[in-house]
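Notes follow the structure.
Residue indices begin at 1 and follow the sequence shown. Side-chain atoms are counted along with the backbone in the values below, which use heavy atoms only and exclude waters and symmetry mates. What you see is a predicted model, and the numbers here were worked out from it, not measured in a lab. Atoms within each ligand, like the ligands themselves, are counted from 1 in listed order.
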Amino acid sequence: MPEQKSILLKISNVTKHFPGTKALDNVNLDVYEGEIHAICGENGAGKSTLMKILSGVYPYGTYEGQIHFAGSEVKLATVKDSEQIGIRIIFQELTLVPNMTVADNILLGAEPGKRGIINQNQLFSDTERLLKDYNLDIPYNAKVSGLGIGQQQMVEIAKALSGNARLLILDEPTSALTIDETNVLMDIIRDLKSRGVTCIYISHKLDEVFEIADRITVLRDGQIVETHPVEDLDQNKVISLMVGREITNQYPPRKPNIGDVTLEVKNWTVAKHSQAARPTVKDVSFKLHKGEILGISGLMGSGRTELVQSIFGEFGKRLSGELILNGEPVTIGSAEDAIRHGLALLTEDRKQTSLILKHSILANATIASIQDLVRYNVIDPEKELAVTYEYKDKLQIKAPTVHSIVNNLSGGNQQKVAIAKWLMTDPQVLIMDEPTRGIDVGTKYEVYKLMNELTSQGVSIIMVSSELPEILGMSDRILVMHEGTVAGIVENDNVSSEEIMLLATGGSLR
Ligand SMILES: Nc1ncnc2c1ncn2[C@@H]1O[C@H](COP(=O)(O)OP(=O)(O)OP(=O)(O)O)[C@@H](O)[C@H]1O
Ligand SMILES: [Mg+2]
């Protein structure tokens with residue numbers, strides 16, 4: 001006799017339309033009390049939309065169907081309503097207030113105090129206790145704007161845990177976390193489970209899903225494909241349910257054709273930021289060749305992002321060292337300079353630096369290459385449309401038209417628009433900082449194929465990534481950073497992830 005499970009959450013016949021899109025199509029799903037239920041699916045499958053219905057972001061009346069929670073039907077009007085009944089969500093896109101402290105953010109809306117006067121001391125001590133309780137290593141009085149994006153994510157998690165959650169929803173919580181931070185999160189979730197909290201877990205990282213989940217549901221094109229206990233599935237099965245076909249190889253075959261040095265970086269040093277506690281870049285030197293993919297690995301905070309941002313001209317004068325492009329010394333003092341010299345930088349944080357969310361796909365994609373689309377001093381609208389559609393197809397950007405507003409795209413599809421924008425500039429050096437963050441397995445393969453295509457045409461690529469398999473799967477050489485310096489540059493043959501980790505943590509190879 002199978003054990004009788006009690007149902008905490010029952011989703012019945014839920015359908016949700018957006019203009020031009022049916023995001024959810026008659027979804028039926030039961031989530032058991034106390035289980036960790038993972039939801040997998042390609043970019044745009046409808047995962048976040050379903051979670052926004054469960055958390056009151058899309059209120060009752062804006063979708064069809066019913067939600068039952070703890071035995072009764074709920075008709076949520078706001079996020080507050082969902083919190084009241086014990087549903088807590090950590091959104092895919094961070095929602096913290098950058099100018100406030102960690103403590104203020106965590107207890108925002110639930111500050112201790114009387115008659116509207118906040119008790120600061122209690123606020124700080126409550127937060128400190130909460131952070132300690134969950135082993136989160138973040139100063140409660142730090143300003144959020146000075147934290148790395150991984151730490152910001154941990155603050156989001158602490159914020160969700162500050163209420164009494166009965167159902168915790170995590171929508172891609174680890175996309176910006178380090179391995180250590182991810183492990184802390186996994187422990188927290190297990191701990192919450194042992195205290196009876198139910199969890200819905202969304203991630204494109206199937207390793208994690210298989211580590212933590214009791215059951216997995218796959219969504220495709222707004223429909224539930226199947227739900228199974230984790231023991232009855234493996235990663236390949238989940239992938240094929242997600243994309244509707246088999247994917248045997250995660251990295252496309254690569255025939256490197258490496259030429260002369262395109263870019264040389266010599267004794268590159270970045271002076272300390274005014275506000276950041278992060279280490280700076282210290283005396284970094286390396287060469288990048290035509291047609292090469294140079295992977296940059298390192299722990300979060302090791303200076304990888306600062307390195308590429310500074311090469312791209314983002315730190316103006318706070319630098320010393322030399323940049324030599326095609327044999328000529330160059331000075332790059334701004335992003336405009338960088339673009340003029342044929343550099344492109346896909347940033348790690350698309351929301352803050354890459355995209356104008358209220359503008360269309362077309363406006364965002366063409367913004368960095370607009371000069372190329374001008375004829376007789378005016379933008380050629382046909383050309384603009386044609387190239388944007390070309391990249392929409394190439395990258396499988398899921399949206400009704402190229403005029404769709406970027407804010408309305410799913411997270412992964414926003415990332416694809418940012419990639420399209422830089423590819424359109426036709427760069428000779430393409431720098432990609434965490435290029436596949438939030439992108440589903442099928443599309444990752446397409447992005448990798450594109451990278452290979454570009455290098456075979458002579459483009460040089462620098463790829464910063466926290467995903468070791470991706471570094472090992474795609475790079476010709478690997479530069480490992482540790483505390484702002486180069487810990488080593490290794491050829492990618494027979495090097496193991498352990499060796500990379502060793503360098504990244506300050507050790508040395510033999
Ligand atoms: N506010 C909106 N307006 C219009 N369309 C939307 C809106 N929000 C989502 N969509 C569309 O609904 C579909 C589902 O999006 P959703 O964000 O739920 O996908 P997802 O499964 O979370 O994807 P990802 O893995 O990329 O985060 C997509 O086609 C998306 O473009
Ligand atoms: Mg999503």
Side-chain angles (χ1 to χ4, degrees), residues 11 14-27 29 37-59 62-65 79 89-95 153 156 169-176 200-206 208-209 216-225 238-239 241-244 350-351 354-355 357-362 364-365 392-393 395-420 434-447:
I11 300 167
V14 166
T15 294
K16 168 86 184 159
H17 291 270
F18 292 112
T21 311
K22 196 182 211 177
L24 295 171
D25 186 1
N26 198 33
V27 167
L29 180 64
H37 196 118
I39 299 187
C40 296
E42 290 182 289
N43 298 133
K47 306 178 296 293
S48 295
T49 302
L50 185 58
M51 298 310 119
K52 286 177 185 167
I53 287 176
L54 298 179
S55 56
V57 175
Y58 297 138
T62 64
Y63 59 89
E64 295 154 41
V79 176
I89 180 165
I90 293 168
F91 292 104
Q92 187 170 7
E93 307 291 340
L94 302 178
T95 57
Q153 185 66 279
E156 290 271 8
I169 299 172
L170 298 131
D171 193 352
E172 286 191 50
T174 62
S175 59
I200 296 180
Y201 193 86
I202 295 176
S203 178
H204 289 293
K205 298 183 184 171
L206 295 180
E208 276 166 23
V209 166
I216 300 176
T217 289
V218 175
L219 257 182
R220 192 197 316 149
D221 294 331
Q223 298 178 338
I224 300 279
V225 184
V238 172
I239 291 171
L241 290 173
M242 274 168 62
V243 301
R350 63 173 171 262
K351 205 174 177 186
S354 269
L355 298 171
L357 293 177
K358 60 177 200 276
H359 287 178
S360 68
I361 294 175
L362 183 132
N364 273 284
K392 182 175 181 283
D393 286 351
L395 292 166
Q396 300 167 20
I397 297 172
K398 197 176 166 197
T401 75
V402 295
H403 303 293
S404 302
I405 302 303
V406 167
N407 200 23
N408 294 341
L409 301 184
S410 77
N413 282 295
Q414 292 182 4
Q415 175 72 352
K416 294 184 212 171
V417 175
I419 294 176
E434 306 287 0
T436 62
R437 176 174 289 169
I439 287 188
D440 66 57
V441 272
T443 310
K444 268 187 188 170
Y445 191 82
E446 299 304 317
V447 171

Report task. Mark up the atoms of ligand 1 that fall under 4.0 Å of a heavy atom belonging to Glu42, in ascending order. Result -> 21 (O)

Requested in this report: Taking the side chain as every heavy atom from C-beta outward, state whether Tyr201 and Leu170 have any pair of such atoms under 4.5 Å apart.
Outcome: yes

**Report entry** Close side-chain approach of Lys22 to Thr15, heavy-atom, < 4.5 Å
**Finding:** yes

Query raised in the report: With a 4.5 Å limit on heavy-atom distance, are the side chains of Leu29 and Ile39 in contact?
Result: yes

Query - Taking atom 12 (O) of ligand 1 as the reference point, the nearest protein heavy atom with its distance - result: Ala23 CB, 3.4 Å

Report summary line: Residues passing the side chain to side chain contact (heavy atoms under 4.5 Å, CB included) test with Pro400, sequence neighbours excluded, are Thr21, Ser404

Report task. Decide whether an N or O pair under 3.5 Å exists between Gly41 and ligand 1. Result -> no

Requested in this report: Consider every N or O of Leu409 and every N or O of ligand 1, then say whether any pair is closer than 3.5 Å.
Outcome: no

Query raised in the report: Could you state the interatomic distance from CD1 (Ile361) to NZ (Lys392), rounded to the nearest 0.5 Å?
Result: 6.0 Å

Query - Test of proximity, Thr21 against ligand 1: N or O pairs below 3.5 Å - result: no

Report task. Give the residue and atom name of whichever protein heavy atom lies nearest to atom 10 (N) of ligand 1, and the separation in Å to one decimal. Result -> Asn408 O, 3.1 Å

Report task. Please examine the side chains of Lys47 and Ile200, heavy atoms only from C-beta on, and report whether any two atoms are closer than 4.5 Å. Result -> no

Requested in this report: If you have a sec, work out which protein heavy atom is nearest atom 13 (C) of ligand 1 and how many Å separate them, to one decimal?
Outcome: Gly44 O, 3.7 Å

Query - Option with minimal heavy-atom separation from atom 15 (O) of ligand 1, where the choices are Thr49, Asp221, Asn407 - result: Thr49

Query raised in the report: At a 4.0 Å threshold, what atoms of ligand 1 neighbour a non-hydrogen atom of Tyr58?
Result: 1 (N), 8 (N)

Query raised in the report: Near the Mg ion (ligand 2), which protein N/O/S atoms fall under 2.8 Å?
Result: Ser48 OG, Gln92 OE1

Query - ligand 1 N/O within reach of Pro19 N/O, cut-off under 3.5 Å - result: no

Query raised in the report: With side chains defined as the heavy atoms from C-beta onward, is the minimum distance between Asn43 and His204 less than 4.5 Å?
Result: yes

Query raised in the report: Taking distance alone, with no angle check, do Gly438 and ligand 1 share an N/O pair under 3.5 Å?
Result: no

Query raised in the report: Between His204 and ligand 1, which residue portion shows a heavy-atom distance shorter than 4.0 Å: side chain, backbone, both, or neither?
Result: side chain

Query raised in the report: Atom CG in Leu355, atom CD in Gln414: separation rounded to 0.5 Å?
Result: 6.5 Å

Requested in this report: Check whether any side-chain heavy atom of Ile11 lies under 4.5 Å from a side-chain heavy atom of Ile53, and answer yes or no.
Outcome: no

Requested in this report: Just jot down the ligand 1 atoms closer than 4.0 angstrom to any heavy atom of Glu172, in number order.
Outcome: 25 (O), 27 (O)

Query raised in the report: Looking only at protein heavy atoms, which one is nearest to atom 17 (O) of ligand 1, and how far off is it?
Result: Ser410 CB, 3.3 Å

**Report entry** Set of ring-ring contact (aromatic ring centres under 6.0 Å, His included) partners for Tyr58, sequence neighbours left out
**Finding:** Phe18

Query - For Lys444, all residues meeting side chain to side chain contact (heavy atoms under 4.5 Å, CB included), sequence neighbours excluded - result: Thr436, Ile439, Tyr448

Query raised in the report: With side chains defined as the heavy atoms from C-beta onward, is the minimum distance between Ile397 and Val417 less than 4.5 Å?
Result: yes

Query raised in the report: Are Asn407 and Lys358 close enough that some pair of their side-chain heavy atoms sits under 4.5 Å apart?
Result: no

